[in-house]
Amino acid sequence: MTEAWRPDDDERRGAIGPVRVRVPAKVNLHLGVGPLRRDGYHELNTIYHAISIYDELTARRGDTLALTMEGEGTGELALDDTNLVIRAAHALAGYAGVLPHARLHLRKQIPLAGGLAGGSADAAAALVACDALWGTGLSRDELAGIAADLGSDVPFLIYGGTALGTGRGEAISPVLARPTSWHWVVAIADGGLSTPTAYRELDRLRDSGAAGAPLGSTDALLGALRQRDPRVLARTIGNDLQDAALAMRPALADTLKAGEAAGALTGIVSGSGPTCVFLAANAADAERIAAELTAAGVCREARVAHGPVAGARVG
Ligand code: C5P
């Protein structure tokens, strides 16, 4: 009797066809920045919120590890071993004891260095995609553990939704919120801002007494998230890094003013900027505010988004 053909171990585990993962951008509804720690990071007290602007990573079987891309940042982003996607694939392969072989293709809609955690999102997508491709079958918590070594925002993007981040932002706990969808307008600027430079600028402003009072507790925001009224939510949103982003890019003040003049309930700089995000009362208002921001010429592009949405997911 001839023995039936059997796939070898490597082929039996994981997906044979391509694995496609969609991953959202994040905004910080509350970004409380504490003191600079000895390891060079700042202690954070932040509420992350995942919104419906997505990057997509497709992973296919290959004989080596290779990355290609299209969309936002093509030609600007290095695709070598310094890329967070490649670093994420190596980190997972090392953890799981498999060869880091995959052909990865990234379709980017999240701008580079925009304060929306685009690079971190891509790293989270790579962990989820390679886990499915290689059949390593890790839990979300295990993936988030690997993610923490890749960047402070990466664990959040494994989970998505709305969540509290502490430590340097990598320690994630879900927050209790009503199943409400909030409507956002995302004003994308020309060019990015460097996150380490924004944190350094905040330290400088604080040392010279020029920074605003720190945000403090997240209690008011957490209370607002349990209600459905965007006007209540608007009063509780804030970002300690905003002063730094405005000092580095004074024109962002015009973007914030234009959004509020167009009817946004509030506007803040997202993370370390330069993207500004505006809360709208409803979907129709968000569309109108986005059109007005585009017409006012205060941003490269204004997009509408809703949140919260899920984190990095296959499909
Ligand atoms: O963690 P991640 O690599 O994304 O951080 C990029 C940089 O942002 C850090 O090297 C640090 O300069 C700054 N950062 C910080 N405090 C944090 C997170 C980031 O100072 N909690």
Side-chain angles (χ1 to χ4, degrees), residues 23-50 55 73 76-78 80-92 106 108 110-127 143-160 163-173 191-207 211 214-218 238-249 268-275 311-312:
V23 65
K26 68 88 189 151
V27 297
N28 303 80
L29 303 183
H30 176 111
L31 180 46
V33 181
L36 178 62
R37 308 189 320 195
R38 292 166 77 138
D39 63 2
Y41 289 90
H42 293 74
E43 197 65 25
L44 297 190
N45 185 26
T46 187
I47 303 290
Y48 290 111
H49 182 72
D55 282 354
E76 291 170 61
L77 191 62
D80 58 14
D81 285 358
T82 61
N83 192 293
L84 268 178
V85 167
I86 298 289
R87 288 175 47 204
H90 278 297
L92 173 63
L106 182 61
K108 270 195 85 58
I110 309 173
L112 297 190
L116 297 170
S120 302
D122 301 339
L127 292 176
L143 291 175
I146 303 170
D149 290 336
L150 296 165
S152 308
D153 296 336
V154 186
F156 169 68
L157 291 152
I158 296 283
Y159 299 109
L164 173 69
T166 54
R168 59 181 167 85
E170 89 289 7
I172 303 299
S173 343
L193 278 180
S194 147
T195 301
T197 312
Y199 276 101
R200 272 200 301 275
E201 178 64 12
L202 177 62
D203 290 338
R204 197 188 64 77
L205 292 172
R206 283 179 169 173
D207 287 347
L215 282 178
S217 151
T218 54
N239 177 4
D240 279 343
L241 275 181
Q242 181 158 313
D243 286 339
L246 287 171
M248 294 161 73
R249 191 76 69 85
I268 52 166
V269 170
S270 178
S272 53
T275 305

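It should be emphasised that the depicted structure is a prediction, and the values quoted were computed from it without experimental measurement. Ligands are counted one by one from 1 in listed order, and the atoms in each one are counted from 1 as well. Atom set for the values below is all heavy atoms of this structure, side chains included, hydrogens, waters and symmetry mates excluded.
Considering both main-chain and side-chain atoms, D153 never comes within under 3.5 Å of ligand 1 through any nitrogen or oxygen pair. In terms of polar-atom proximity, defined here as any N/O pair under 3.5 Å, H42 does make such a contact with ligand 1.
For atom 13 (C) of ligand 1, the nearest non-hydrogen atom of the protein is Y199 CD1, 3.5 Å. When hydrogens are left out, the protein atom nearest atom 4 (O) of ligand 1 is S152 N, 3.8 Å; that is the closest non-hydrogen contact.
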Check the pair L127, L150 against side-chain contact (heavy atoms from CB on, under 4.5 Å), reporting the backbone distance first and the verdict last.
-> CA-CA 11 Å; L127 292 176; L150 296 165; 4.1 Å; yes

Verdict with supporting geometry, D122 and L106, side-chain contact (heavy atoms from CB on, under 4.5 Å) | CA-CA 8 Å; D122 301 339; L106 182 61; 3.5 Å; yes

Could you give me the CA-CA distance, side-chain angles and deciding distance for D240 and R206, then say whether salt bridge (Lys or Arg N to Asp or Glu O under 4.0 Å) is met?
-> CA-CA 11 Å; D240 279 343; R206 283 179 169 173; 3.4 Å; yes

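Across all their heavy atoms, L205 and A247 have their closest contact at CD1-CB, 4.4 Å.
For ligand 1, the atoms lying closer than 4.0 Å to a non-hydrogen atom of T195 are 8 (O). Every atom of ligand 1 is numbered from 1 in the order shown, and the set under 4.0 Å from a heavy atom of G40 is 20 (O). In summary, the atoms of ligand 1 found under 4.0 Å from a heavy atom of G151, numbered by their order in the structure, are 1 (O). Heavy-atom proximity to P196, at under 4.0 Å, picks out these atoms of ligand 1: 7 (C), 12 (O). Heavy-atom proximity to L44, at under 4.0 Å, picks out these atoms of ligand 1: 21 (N).
At a heavy-atom cutoff of 4.0 Å, ligand 1 is contacted by both the backbone and the side chain of Y41.
A donor-acceptor contact closer than 3.5 angstrom is absent between the side chains of N28 and Y48. Looking only at atom types and distance, the side chain of T275 has no donor-acceptor partner in the side chain of S270 under 3.5 Å away. Side-chain contact of H30 with N239: a donor-acceptor pair under 3.5 Å is absent, judged by distance alone.
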